[in-house]
Amino acid sequence: MRPENYVAFFTVCGFFIGLSFSVVSIDEAFDIIVFTIFITFAFYIFVHIAIMNFVDLKKISGRIFDKEAYEKVNNSMVNDLAIREKKIDSILEKLNEEREELKKNETKERRRRNARKTAA
């Protein structure tokens, strides 16, 4: 288990314990907030002290970060994205050409219809 999980768990526990004790024992709203924050902070400090003394971080984070493998994977992903981007750009260019061609055909067809209406 990672130390961050302990910190999060005990901080949340401290918040709810502080809130419950302060609601039961204190009447004013500001004092409830201050008391809750104080108890939450006390739990936060307590869990950090416990982690400092009882959790061996060398065993937990003993994994070595392989920068070269990470960069290799990232470079391959970037290259794949560049290839996909080029494909999408070419598809969009073809679609724009087809739209322009359709617009030209529509204008020609309108001219023909208008010419037929005026001739008849």
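Identified under the salt bridge (Lys or Arg N to Asp or Glu O under 4.0 Å) test for residues 69-96, with sequence neighbours left out: Lys67-Glu71. Here side chain to side chain donor-acceptor pair (under 3.5 Å) pairs that include residues 38-50, with residues two or more places apart or in two chains, are Tyr44-His48. Applying the side chain to side chain donor-acceptor pair (under 3.5 Å) rule to pairs touching residues 7-33 yields Ser22-Thr36, sequence neighbours excluded.
Phe46 and Ile51 are not part of a single hydrophobic cluster, where members link through side-chain heavy atoms under 4.5 Å apart. Linking ILVMFWY residues whenever their side-chain heavy atoms come closer than 4.5 Å, directly or via other members, places Phe10 and Phe21 in the same cluster. A single hydrophobic cluster is not seen to contain both Val34 and Phe41; linkage of ILVMFWY side chains at heavy-atom distances under 4.5 Å, directly or through other members, places them apart. Follow the hydrophobic side-chain contacts under 4.5 Å out from Phe9 and you reach Val7 in the same cluster.
With side-chain heavy atoms closer than 4.5 Å counting as contact, directly or through intermediates, Val24 stands alone and belongs to no larger hydrophobic cluster. Summarising the hydrophobic clusters (Ile, Leu, Val, Met, Phe, Trp, Tyr; side-chain heavy atoms under 4.5 Å, direct or chained), the residues clustered with Met77 are Val73. Grouping Ile, Leu, Val, Met, Phe, Trp and Tyr by side-chain contacts under 4.5 Å, direct or through others, puts Ile33 with Ile37.
Every residue meeting the side chain to side chain donor-acceptor pair (under 3.5 Å) condition with Arg99, not counting sequence neighbours, appears here in chain and number order: Asn96. In this structure, Phe38 has no ring-ring contact (aromatic ring centres under 6.0 Å, His included) partners at least two apart in sequence or on a different chain. Residues forming a side chain to side chain donor-acceptor pair (under 3.5 Å) with Glu4 (at least two apart in sequence, or on another chain): Arg2. In terms of the salt bridge (charged side-chain N to carboxylate O under 4.0 Å, His left out) criterion, residue partners of Arg110 (sequence neighbours excluded) are, by chain and number, Glu106.
In this structure, CG in Leu81 is found 10.5 Å from CG in Asn74, a value given to the nearest 0.5 Å. The structure places CG of Leu102 at 11.0 Å from NZ of Lys104, a figure rounded to the nearest 0.5 Å.
For the pair Phe43 and Val47, the minimum side-chain heavy-atom distance is 4.5 Å or more.
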